Each structure stands twice: as C-alpha cells, then as structure tokens.
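Structure record follows, encoded as structure tokens.
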Protein chains: 2
Amino acid sequence: MNISEASSRTGLPAKTIRYYEEIGLIKPMRGANGYRAFRDKDIHKLAFLGRARALGFSIEDCRTLLALYEDDGRASADVKHVALQQLDQIDRRLEELKEMRATLARLVSACAGDSRPDCPILSDLAQRMGDD
Amino acid sequence: MNISEASSRTGLPAKTIRYYEEIGLIKPMRGANGYRAFRDKDIHKLAFLGRARALGFSIEDCRTLLALYEDDGRASADVKHVALQQLDQIDRRLEELKEMRATLARLVSACAGDSRPDCPILSDLAQRMGDD
DNA sequence: CCTTGACCTTCCAGTCACGGGAAGGCCCAT
DNA sequence: ATGGGCCTTCCCGTGACTGGAAGGTCAAGG
C-alpha cells in the first residue's frame with residue numbers, strides 16, 4: 001500500500017505520515033523502488049495516532065501510549081496516568097479560555113459598535129479599569 | 001528607562017519586548033550607548049499589548065487594535081468586529097476542548113487504573129468503538 | 001586603575017507539529 | 001516516447017516567543 005492509500009484510509013495527510021515516520025512513530029517497509037509500503041499494522045498505528053492526537057495528546061504522549069499499547073505486560077494504571085494528566089491540561093486550558101471569554105464578552109457587549117470612536121474595549125485594554 | 005525596568009513595569013519578559021520591537025509593535029528610542037530608552041508611551045503600549053495577548057488576540061490582531069487605539073477617528077464598530085471574531089474563535093476552541101474533555105473523561109472513568117493490562121482507553125484509541 | 005558583576009546588545013538556534021513547494025525519480029497508459 | 005500522476009528527499013516557513021552565546025557598558029569597591 002502506497003502513502004496516498006494510507007492517507008485516505010487513515011485520514012492523515014501524507015505529509016503527516018512522513019513526519020510520523022521521521023520521528024520514529026511508525027516504521028513502514030520500503031519497496032524496491034524506494035516507495036513506502038504500508039502494512040495493516042502501520043495503518044492501525046496511524047489510526048491510533050490520529051485518534052490520540054484528536055484527543056489533544058502531544059506527540060510524546062502518543063509515543064508513550066503507542067508503546068503501552070504494544071506492551072502486553074502494561075499496567076492500565078500507566079495509561080490512566082497519562083490520560084489523567086491530559087485531562088488536567090484540558091481543564092486548565094478550559095478555565096483559561098472561559099475567563100478570556102467572560103472578559104471579552106463583557107467588553108463586546110459594552111461596545112456600541114457604531115461609527116463613533118469611543119470604545120470600552122480599547123479603554124479596558126489601555127487601562128484595565130474593569131475587573132475580570 | 002532601560003529594558004529591565006520596562007519589563008518589571010509591564011510584566012512582559014525582556015525577550016518579548018525586544019521581539020515586539022523587532023516586529024514593529026513598539027519603537028523605543030535609543031541612548032548613546034545603544035541601550036533602548038523606553039518612554040511612558042512605550043510602557044503604555046506594552047501594557048496594552050500584554051492585556052490584548054492575555055485575551056488571546058493574535059499578534060496581528062494586537063497590531064490592528066493598537067492602530068485603532070491610536071487612531072482618534074476610529075469607528076468603535078471596527079474594534080468590536082475584531083473582538084467578535086476573537087470571541088468566536090474562543091467559542092470554537094471551547095467547543096473542541098469540551099468534546100475532547102467529554103471523551104477523555106469517559107475513557108478515564110472506564111479504566112480500572114490498576115496493574116492489569118486491560119485498558120478501555122487503549123481499546124478506544126485502537127478501534128474507536130465508542131460513540132463520538 | 002582594575003576588576004567584578006549586573007546590566008545591555010545582537011545573532012542564532014530551538015520549540016511544536018506539521019504544511020508548502022522545489023527538484024527529481026518512478027509507473028502506467030496511450 | 002510522452003504525458004500525467006504518483007513517489008522521494010530536502011529545505012523553508014509558521015506563531016510567538018525562549019534559551020543561550022559572544023561581546024559591549026556601567027557603577028561600585030578595592
């Protein structure tokens with residue numbers, strides 16, 4: 001299987017697949033012509049990576065998860081640990097975004113949005129008069 | 001005022017201040033020795049930038065906002081437009097993170113997290129059996 | 001006067017996870 | 001043999017910085 005088929009089967013761009021090989025996440029075979037030859041195992045791994053990335057795991061976390069996946073003697077606690085850290089990071093990011101959103105929404109609703117120059121958004125950015 | 005004082009007054013790292021000069025957001029004077037000499041105007045702008053960045057605005061948005069701030073003939077509608085776009089982007093990011101969080105939380109709670117190898121997190125990543 | 005240490009400067013490289021595009025080889029059908 | 005569509009590697013660019021090296025400057029103490 002060539003890279004374009006691997007791409008369409010996994011939904012990952014060919015560029016991404018080459019990158020994943022470059023950083024050692026997958027090791028596809030090579031044909032006599034130098035083309036990558038993807039086996040089912042590689043497709044499987046790529047799909048795994050795509051789903052882990054969609055959950056926001058970093059590439060290094062993905063590497064860890066893939067290693068755990070391939071280790072029959074793993075402890076599920078190790079997997080859970082990685083996932084809990086990721087959950088925590090998502091929660092922190094959510095908190096941050098919610099605060100931004102609250103402040104921004106308040107400013108936006110205070111701004112007339114007409115042709116006059118007076119603007120509470122700019123006033124706030126200039127002096128941060130309001131709370132948050 | 002030297003860069004370290006500008007840094008402590010604005011809360012921005014000196015590196016960041018130099019970067020902002022490099023990309024043309026601020027234009028501090030220079031002393032005879034080549035040191036940057038920050039005036040109140042520069043400090044003010046840097047604080048503005050720091051707050052805009054804290055609301056998640058991109059550097060290019062910050063450039064636009066700063067230009068509007070310095071334009072007495074601006075229309076507040078223009079400011080509001082930029083802010084609304086930012087609000088929209090935050091909302092999209094929030095949605096994405098909430099979905100990730102929901103999936104991840106479900107997987108985490110399904111995982112025993114003990115010494116056994118069976119792990120619903122890995123099973124899901126491997127095959128995406130669940131919904132979503 | 002000399003040294004020390006804390007400033008300051010510029011420049012280069014690295015981050016993260018790719019994406020764009022060039023230059024060139026390969027494959028298959030006409 | 002030619003065309004078009006694959007494939008390859010290689011290098012640069014992204015955003016918004018951060019780290020660090022190499023070297024100039026300044027003020028205080030001996």
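In this text, all values refer to a predicted model and were calculated from it rather than measured experimentally. Protein chains get the first letters and strands the later ones, always in sequence-line order, with residue 1 at the start of each.
Residues B:Arg53 and B:Lys15 both approach DNA chain D. Their nearest nucleotides, taken by heavy-atom distance, put B:Arg53 toward the 5′ side. The 5' end of DNA chain D is approached more closely, in terms of each residue's nearest nucleotide, by A:Glu21 than by the other of A:Glu21 and B:Phe57.
Near-neighbour residues of DNA chain D inside residues 23-42 of chain B, defined by a heavy atom below 4.0 Å, number-ordered: B:Asn33, B:Tyr35.
Atom CD of B:Glu22 is separated from atom P of C:dT10 by 10 Å (rounded to the nearest Å). In this structure, CZ of A:Arg63 is placed 13 Å from C1' of C:dC16, rounded to the nearest angstrom. Here the P atom of nucleotide C:dA17 and the CG atom of A:Leu49 are 12 Å apart, to the nearest Å. The CZ-P distance, from A:Arg18 to C:dG21, rounds to 14 Å in whole Å. B:Ile3 has its CD1 atom 18 Å from the P atom of C:dA6, to the nearest Å.
Residues A:Gln86 and A:Asp61 come closest through the heavy atom pair OE1-OD2, 4.4 Å. Closest approach of B:Arg116 and B:Ala112 over heavy atoms only: NH2-CB, 3.8 Å. Here the closest heavy-atom approach between residue B:Gly31 and residue B:Ala37 is recorded as N-CB, 4.4 Å.
Every residue two or more places apart in sequence or in another chain that forms a side-chain hydrogen bond (donor to acceptor under 3.5 Å, both in side chains) with A:Glu60 is listed here: A:Arg63. Checked against salt bridge (charged side-chain N to carboxylate O under 4.0 Å, His left out), A:Asp91 has the following partners two or more places apart in sequence or in another chain: B:Arg101. Take A:Arg51 and apply the side-chain hydrogen bond (donor to acceptor under 3.5 Å, both in side chains) test, not counting sequence neighbours, and it matches no residue.
The footprint of chain B on DNA chain D, defined by a heavy-atom cutoff below 4.0 Å, extends from D:dA16 to D:dC26.
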Report task. Could you walk me through whether B:Leu97 and B:Met100 pass side chain to side chain contact (heavy atoms under 4.5 Å, CB included), step by step? Result -> CA-CA 5 Å; B:Leu97 279 176; B:Met100 284 184 191; 4.1 Å; yes

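Counted by atom type alone, A:Ser76 and B:Asp118 present zero donor-acceptor pairs between their side chains at under 3.5 Å.
OP1 and OP2 of C:dC16 both lie 4.0 Å or more from every side-chain N or O belonging to A:Ser58. Residue B:Ser4 places none of its side-chain N or O atoms closer than 4.0 Å to OP1 or OP2 of C:dA6.
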I'd like a list of close polar pairs between nucleotides 13-15 of chain C and the protein, N/O only, cut-off under 3.5 Å.
none

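A distance of 11.5 Å separates OH in A:Tyr35 from CZ in A:Arg30, rounded to the nearest 0.5 Å.
Taking 4.0 Å as the cut-off between side-chain N and carboxylate O, B:Glu95 and B:Arg92 do not count as a salt-bridged pair.
A donor-acceptor pair under 3.5 Å links the side-chain atoms of A:Thr10 to the main chain of A:Ala6, judged by distance alone.
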